[in-house]
Protein chains: 2
Amino acid sequence: MGISKTEIFTDQQNEISRFAKAFGHPARVAILQHLFKIDACVCGDLVNEIGLAQPTISQHLKELKHLGLIKGSIEGTRVCYCINAKNWTAMKQIMLGFLNQDISTNEECC
Amino acid sequence: MGISKTEIFTDQQNEISRFAKAFGHPARVAILQHLFKIDACVCGDLVNEIGLAQPTISQHLKELKHLGLIKGSIEGTRVCYCINAKNWTAMKQIMLGFLNQDISTNEECC
DNA sequence: TTACTTTATTGCAATATTACGATTAATAGA
DNA sequence: TCTATTAATCGTAATATTGCAATAAAGTAA
């Protein structure tokens with residue numbers, strides 16, 4: 001049905017999947033990588049950097065902002081976006097907990 | 001259009017987003033966590049563990065298998081699934097590279 | 001004011017995802 | 001053989017996502 005049954009999963013599982021979903025599109029990965037690369041905040045030249053139309057970029061930025069991974073501040077007609085370092089670190093801890101899971105035994109089972 | 005323009009992104013960006021998309025659903029997160037927890041390979045009792053119908057679980061397993069994160073071997077009428085440790089480690093390296101990005105300056109910009 | 005620049009929003013089309021009932025396929029056991 | 005058991009696949013409905021043209025909104029500069 002295109003709708004996830006979030007209610008049957010733990011908060012942790014839902015949180016992991018919410019963050020992962022944000023990274024589940026190459027445009028958002030590219031946006032974040034670019035914001036990391038350019039120390040100074042970067043505005044709408046993300047549209048030039050990435051090859052998507054302005055409304056599309058704006059939509060991806062909205063999602064990332066909604067998740068708290070980036071923040072934007074208005075500077076005249078432009079909007080300056082950058083990584084929300086604090087939230088990024090918090091997200092990272094959650095994702096690391098998931099990625100660093102380890103198998104107890106060394107046996108190959110399947 | 002529901003279709004991602006993968007051709008305008010780097011292989012790395014596409015790979016990150018492909019893995020992330022796999023984790024972008026709580027059921028798949030739950031499946032992986034359960035496979036990690038139960039050392040011995042676990043079969044279709046994932047259906048009982050997680051509250052989704054058998055065809056739905058089977059579909060999620062197929063995606064994870066297709067990505068190479070799990071492997072399954074047939075044991076009679078049952079199928080035993082487990083983490084593909086080697087591929088998981090490789091995936092982890094890629095995701096860590098993305099998550100561990102750092103901002104060069106300490107100034108808060110926005 | 002008017003013209004311009006930049007970004008957000010709206011509306012829509014195309015495609016993808018999620019979920020499950022029904023069915024099929026394959027094996028095990030009687 | 002016949003009958004369970006288990007998992008994959010098919011088909012389909014509901015919903016989500018992606019992308020962009022058109023437009024709106026909000027500021028700047030003349």
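This one's a predicted model, so the numbers in the text were calculated from it and none came from an experiment. In what follows, every chain begins at residue 1, and chains take the letters A, B, ... in the order their sequences are listed.
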[X] [atom1] - [N] [atom2] separation (whole Å):
X: A:N48; N: C:dT6; atom1: CG; atom2: P; result: 9 Å
X: A:H66; N: D:dA16; atom1: NE2; atom2: C1'; result: 15 Å
X: B:H60; N: C:dT17; atom1: NE2; atom2: P; result: 12 Å
X: A:I50; N: C:dT7; atom1: CD1; atom2: C1'; result: 15 Å

Mind checking what makes side-chain contact (heavy atoms from CB on, under 4.5 Å) contact with [X], not counting sequence neighbours?
X: B:I74; value: B:V79
X: A:N48; value: A:D45
X: B:K62; value: none
X: B:A53; value: B:P55, B:T56

Name all residues meeting the salt bridge (Lys or Arg N to Asp or Glu O under 4.0 Å) criterion together with B:E49; count only those two or more places apart in sequence or in a different chain, and write none if there are none.
-> none
Closest-nucleotide ordering on DNA chain D, the 5'-leading residue of A:G76 and A:E63 | A:E63
Please determine, for the side chain of A:H25, which listed nucleotide (D:dG19, C:dA19, C:dC20) has the closest atom?
-> D:dG19
A:N84 side-chain N/O to A:L69 backbone N/O, donor-acceptor pair under 3.5 Å = no
ring-ring contact (aromatic ring centres under 6.0 Å, His included) filter on A:F9, not counting sequence neighbours, yields none
Looking at DNA chain D, which of residues 6-20 of chain A put a heavy atom within less than 4.0 Å of it?
-> none
For residues 11-31 of chain A, run the donor-acceptor check on the side chains, cut-off 3.5 Å, and write out each pair with its distance to 0.1 Å, sequence neighbours left out.
from  : atom 1 : to    : atom 2 : distance (Å)
A:Q12 : OE1    : B:Q33 : NE2    : 3.2
A:Q13 : OE1    : A:T10 : N      : 3.0
A:Q13 : OE1    : A:T10 : OG1    : 3.3
A:Q13 : NE2    : B:Q33 : OE1    : 2.8
A:N14 : ND2    : A:T6  : O      : 3.0
A:N14 : ND2    : A:T10 : O      : 3.3
A:S17 : OG     : A:Q13 : O      : 3.3
A:S17 : OG     : A:N14 : O      : 2.9
A:H25 : ND1    : A:A27 : N      : 2.9
A:H25 : NE2    : B:S4  : OG     : 3.3
A:R28 : NE     : A:A22 : O      : 2.7
A:R28 : NH1    : A:H60 : ND1    : 3.0
A:R28 : NH1    : A:E63 : OE1    : 3.3
A:R28 : NH1    : A:E63 : OE2    : 3.3
A:R28 : NH2    : A:K21 : O      : 3.3

With a 4.0 Å cut-off on heavy atoms, is B:I57 in touch with a base, just the backbone sugar-phosphate, or nothing at all?
-> nothing
Between protein and nucleotides 3-10 of chain D, map the contacts as a letter string: B base, S sugar-phosphate only, - none, heavy atoms under 4.0 Å, written 5' to 3'.
-> --BSBBB-
Any idea which heavy atoms bring B:L99 and A:W88 closest together, and the distance?
-> O-NE1, 3.0 Å
For A:K21 and A:T56, take the nucleotide of DNA chain C holding the closest heavy atom to each; which residue's nucleotide lies nearer the 5' end?
-> A:T56
